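A quick write-up on the structure given underneath.
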Amino acid sequence: MLRGRALDGFKFRRQHQVDWFLVDFYCLELKLAIELDGEPHFEEEARKDDAIRTAILKRLGVRVIRFENCEVMANPRLILERIRSSLKPR
C-alpha cells in the first residue's frame, strides 16, 4: 500500500539504510521510518535495542513509527491511516 507513491504521493523505500541501520520503510522527503515488529521484538532485550535504535535515529532527525506485524495484517487500512497522520513534512 506504500508502493508507487500510493500514499498521498510520498515515496517510501523498502529495507532502506539510514546511517548504519536498515529500516523497514523510509520516506526520504519526510525523514520518516516505519518499522514493523514481529515476535522477536517483544522480548526484553529486543525492546531495549529497539529503544536505543529509535533514539539514535531521532538524533539523526528521523521520525520513527512502529507497528506490530499482527496489527498490519489484521487491519491494514487502519495502519495506513495512522501512517497518513504522520505524513506532515518537517
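Just so you know, these numbers come straight off a predicted model, no measurement behind them.
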*asked:* Restricting to side chain to side chain contact (heavy atoms under 4.5 Å, CB included), what partner residues turn up for Arg3, sequence neighbours left out?
replied: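 Side chain to side chain contact (heavy atoms under 4.5 Å, CB included) check on Arg3 returns nothing, list empty.
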
*Residues two or more places apart in sequence or in another chain: which of them pass side chain to side chain contact (heavy atoms under 4.5 Å, CB included) with Lys58?*
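If we apply the side chain to side chain contact (heavy atoms under 4.5 Å, CB included) test to Lys58, skipping adjacent residues, the hits are Thr54.
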
Do [X] and [Y] come close enough that some side-chain heavy atom pair is under 4.5 Å?
X     : Y     : value
Asp37 : Asp50 : yes
Phe10 : Glu29 : yes
Met1  : Leu7  : no
Val62 : Ile56 : no

Donor-acceptor pairs are to be reported for all side-chain atoms of residues 71-82 against protein atoms at under 3.5 Å, with residues two or more places apart or in another chain.
{"unit_1": "Glu71", "atom_1": "OE1", "unit_2": "Glu68", "atom_2": "N", "d": "2.8"}
{"unit_1": "Glu71", "atom_1": "OE2", "unit_2": "Arg82", "atom_2": "NH1", "d": "3.1"}
{"unit_1": "Asn75", "atom_1": "OD1", "unit_2": "Leu78", "atom_2": "N", "d": "3.3"}
{"unit_1": "Glu81", "atom_1": "OE2", "unit_2": "Arg84", "atom_2": "NH1", "d": "2.4"}

*Search all heavy atoms of Leu32 against all heavy atoms of Ser86 and return the closest pair with its distance.*
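Minimum heavy-atom contact is CD2-O, 3.9 Å.
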
Residues 20-28 side chain polar contacts: donor-acceptor under 3.5 Å, at least two apart:
{"unit_1": "Asp24", "atom_1": "OD1", "unit_2": "Gln15", "atom_2": "NE2", "d": "3.1"}
{"unit_1": "Asp24", "atom_1": "OD2", "unit_2": "Leu36", "atom_2": "N", "d": "2.7"}

*Residues two or more places apart in sequence or in another chain: which of them pass side chain to side chain donor-acceptor pair (under 3.5 Å) with Arg53?*
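Side chain to side chain donor-acceptor pair (under 3.5 Å) check on Arg53 returns Glu35.
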
*asked:* For residues 9-19, which residue pairs pass the salt bridge (charged side-chain N to carboxylate O under 4.0 Å, His left out) check, not counting sequence neighbours?
replied: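 Listed by first then second residue: nothing to list.
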
